Amino acid sequence: MKPVDQTLFRPSAGRAAGNCWQAAVASLFELELAQVPNFMDGDYEPDSTEPFERYVAWCRSFGFTVVTCDQPVFDALGIGTGKSPRGDF
């Protein structure tokens, strides 16, 4: 894993969200931030599954399968999610 920093921290003009997900994926895949799409870019309803579907399709293009779980997984790399201390975005 290669640490990649988030560069957008909240919704702003012309952007629906920051890019923490993009940075997390770039870290796992050991890619530059610009090589990974910001899956949240777009005008989505709060409960839309489209960003996740875009992420799954992108991972599949590299031969990976996305697995979701609600329990900790050990000895594996993954992305954890949760509420931001800066608010709900």
Side-chain angles (χ1 to χ4, degrees):
M1 188 187 82
K2 173 182 109 174
V4 175
D5 291 331
Q6 176 182 0
T7 58
L8 303 170
F9 294 94
R10 59 183 65 237
S12 59
R15 296 189 106 45
N19 67 342
C20 62
W21 192 359
Q22 178 186 22
V25 172
S27 294
L28 286 178
F29 280 78
E30 297 186 342
L31 297 171
E32 298 299 320
L33 187 64
Q35 293 176 278
V36 177
N38 185 346
F39 304 104
M40 294 302 295
D41 262 355
D43 188 19
Y44 303 114
E45 294 296 321
D47 60 351
S48 174
T49 61
E50 190 173 339
F52 186 75
E53 291 166 9
R54 291 177 61 205
Y55 166 65
V56 169
W58 187 85
C59 289
R60 283 185 181 151
S61 74
F62 285 86
F64 289 94
T65 300
V66 173
V67 176
T68 61
C69 59
D70 60 0
Q71 298 295 318
V73 176
F74 300 97
D75 297 324
L77 295 176
I79 299 172
T81 62
K83 293 207 178 252
S84 169
R86 294 182 301 276
D88 294 332
F89 300 108

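Side-chain atoms are counted along with the backbone in the values below, which use heavy atoms only and exclude waters and symmetry mates. These numbers were taken from a predicted model, which means no experiment stands behind them.
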query = Side chains of Tyr55 and Ile79: does their closest heavy-atom pair fall under 4.5 Å?
reply = yes
message = Are the side chains of Glu30 and Gln35 in contact, using a 4.5 Å heavy-atom criterion?
response =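 No; the side chains remain at least 4.5 Å from each other.
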key: Qualifying residue for ring-ring contact (aromatic ring centres under 6.0 Å, His included) with Trp58, from Phe64, Phe52, Phe29   = Phe29
task = Could you label the plane-to-plane angle of the Phe39 and Trp21 rings as parallel, tilted or perpendicular, counting under 30° as parallel and over 60° as perpendicular?
result = tilted
ask   = So, Asn38 side chain and Gln22 main chain: donor-acceptor pair closer than 3.5 Å or not?
value = no
Are [X] and [Y] connected, step by step, through hydrophobic side chains (Ile, Leu, Val, Met, Phe, Trp, Tyr) whose heavy atoms are closer than 4.5 Å?
X     : Y     : value
Leu31 : Leu28 : yes
Val73 : Met1  : no
Leu33 : Phe62 : no

request  = Measure the SG-CZ distance between Cys59 and Arg54 for me, rounded to the nearest 0.5 Å.
outcome  = 12.0 Å
ask   = Atom OG in Ser48, atom CE in Met40: separation rounded to 0.5 Å?
value = 8.0 Å
inquiry  = Listing request: all salt bridge (charged side-chain N to carboxylate O under 4.0 Å, His left out) pairs with a residue in residues 62-76, at least two apart in sequence or in separate chains.
reply    = none
